[in-house]
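Here's the structure we're looking at; comments come further down.
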Amino acid sequence: MGDDPHEREEVESPMPELPEVETIVRSLRPAISGETITSADILWERTLATPTITELNARLPGQTIRSLGRRAKHILIHLDHDTLIIHLRMSGDMRVEADDLPLQPHDRAVFHFASRQRLVFINPRKFGRVWLVADPAKALSKLGPEPLNQSFTSEVFYQRLTHHKRQLKPLLMDQHFLAGMGNIYTDEALHLARLHPLRRSNTITPDDADRLLTAIRSVLEEGIRRNGASIDWVYRGGDFQNDFQVYQRTGEACYTCGAEIQRIVVGQRGTHFCPVCQKRRN
DNA sequence: CACGAGACCTGTTCGC
DNA sequence: TGCGAACAGGTCTCGT
């Protein structure tokens, strides 16, 4: 690297939670809708979860991208007969560019288009996965409700919360329980709702549940708004990190009460909260 | 059922 | 300066 004419920005890895995936989908939609796939290269074998590479090569060529969508943290690329599902996991990103440019070290899958453009799946840590399925609804059937879906009410949320006796933080991050929340937005939402991350879900009141759902929607929408502000998708690193109230603010003063933000480990994930604003019990 | 630990991976930052 | 440890946006599986 060094002779790249496009002056590549030293961008830190993106944060693929729901808002980041939504931002990527919004940028990809105008960029690749209508493209016809001619072939695909899987550069890291395990990237392709299903089907086999042989079957992928048989089914993909000739299919045109009809629309793009998102379900939780999954990118959905709807084709004529199949849907390409992409999950970025911890370190994924997507790139659209001319098909004759040199590939980059962390490129794991490439989809070539008839237009001589290509879609590249970048994935340094190799956790990301790609699926080609005929029935996306079936493939994603185990996911919980979308928090931004208006049909998901705080009453339903309250019922679901009290059906478990789990710590709030890991429960909110459980994609079967609620789809799309990641480590950052969960910490931020719990702080905004003034709920302790280890609070048992069955001890929540209807008012807590209502405040929590409002907080979840607030941080997700703000995240989307901040990332959506980047027009150039290649540099789409939004600036929601400037709004963090607790995430990665260990030892710093809470903006609300001045207390020191604490960091604990919950479910093997760094968890940040304000010990004063977020009491264990009411 | 709930939870912790280990896997899967590479790159960056931290602490001595 | 150097080097190993710790840590990072996610999810799956296994044992207790």
Please determine which of A/His196, A/Arg200, A/Arg199 meets the side chain to side chain contact (heavy atoms under 4.5 Å, CB included) test together with A/Gln167.
A/Arg200
Below 4.0 angstrom from OP1 or OP2 of [N], is there any side-chain N or O of [X]?
X: A/Lys165; N: B/dA2; answer: no
X: A/His87; N: C/dT11; answer: yes
X: A/His164; N: B/dA2; answer: yes
X: A/Arg263; N: C/dA8; answer: yes
X: A/Arg46; N: B/dC9; answer: yes
X: A/His163; N: B/dC1; answer: no
X: A/Arg200; N: B/dC3; answer: yes

Nearest heavy-atom pair of [X] and [Y]: which atoms, and what distance?
X: A/Pro170; Y: A/Pro197; value: CD-O, 4.4 Å
X: A/Leu171; Y: A/Ser201; value: CD2-CB, 3.5 Å
X: A/Ala72; Y: A/Val21; value: O-CG1, 4.5 Å

Taking the six-membered ring of A/Phe177 (Phe, Tyr or Trp), confirm whether the NZ or CZ of A/Arg160 is under 6.0 Å from its centre and within 45° of its axis.
yes
Could you state the atom-to-atom distance from [atom1] of [X] to [atom2] of [N] in whole Å?
X: A/Asp187; N: C/dA8; atom1: CG; atom2: P; result: 11 Å
X: A/Arg125; N: C/dT11; atom1: CZ; atom2: P; result: 13 Å
X: A/His176; N: C/dT13; atom1: NE2; atom2: C1'; result: 12 Å
X: A/Arg108; N: C/dG10; atom1: CZ; atom2: C1'; result: 16 Å
X: A/Leu172; N: B/dA2; atom1: CG; atom2: P; result: 14 Å
X: A/Leu18; N: C/dG10; atom1: CG; atom2: C1'; result: 14 Å
X: A/Trp44; N: B/dT10; atom1: CH2; atom2: P; result: 6 Å
X: A/Asp174; N: B/dA2; atom1: CG; atom2: C1'; result: 11 Å

Please pick, from B/dT10, C/dG10, B/dC3, the nucleotide with the shortest atom-to-atom distance to any side-chain atom of A/Arg269.
C/dG10
Would you kindly compare A/Lys73 and A/His272 by the position of their nearest DNA chain C nucleotide and give the one closer to the 5′ end?
A/His272
Between the base of C/dG10 and the side chain of A/Glu17, is one N or O donor paired with an acceptor at under 3.5 angstrom?
no
For C/dA8 versus B/dA5, give the span between their P atoms, rounded off to a whole number of Å.
15 Å
Quantified in whole Å, what is the P atom distance between nucleotide C/dA5 and nucleotide B/dG6?
15 Å
Looking at every strand, decide which applies to A/Gln268 at a 4.0 Å heavy-atom threshold: base, sugar-phosphate, or nothing.
base
Using Watson-Crick or G-U wobble geometry with both distances under 3.5 Å, which nucleotide pairs with C/dC12?
B/dG6
Go through the steps to decide whether A/Glu146 and A/Arg71 satisfy the test salt bridge (Lys or Arg N to Asp or Glu O under 4.0 Å), and finish with yes or no.
CA-CA 8 Å; A/Glu146 286 283 327; A/Arg71 174 74 170 98; 2.9 Å; yes
With centres under 5.5 Å and planes under 30° as the test, does A/Phe127 stack with C/dT11?
no
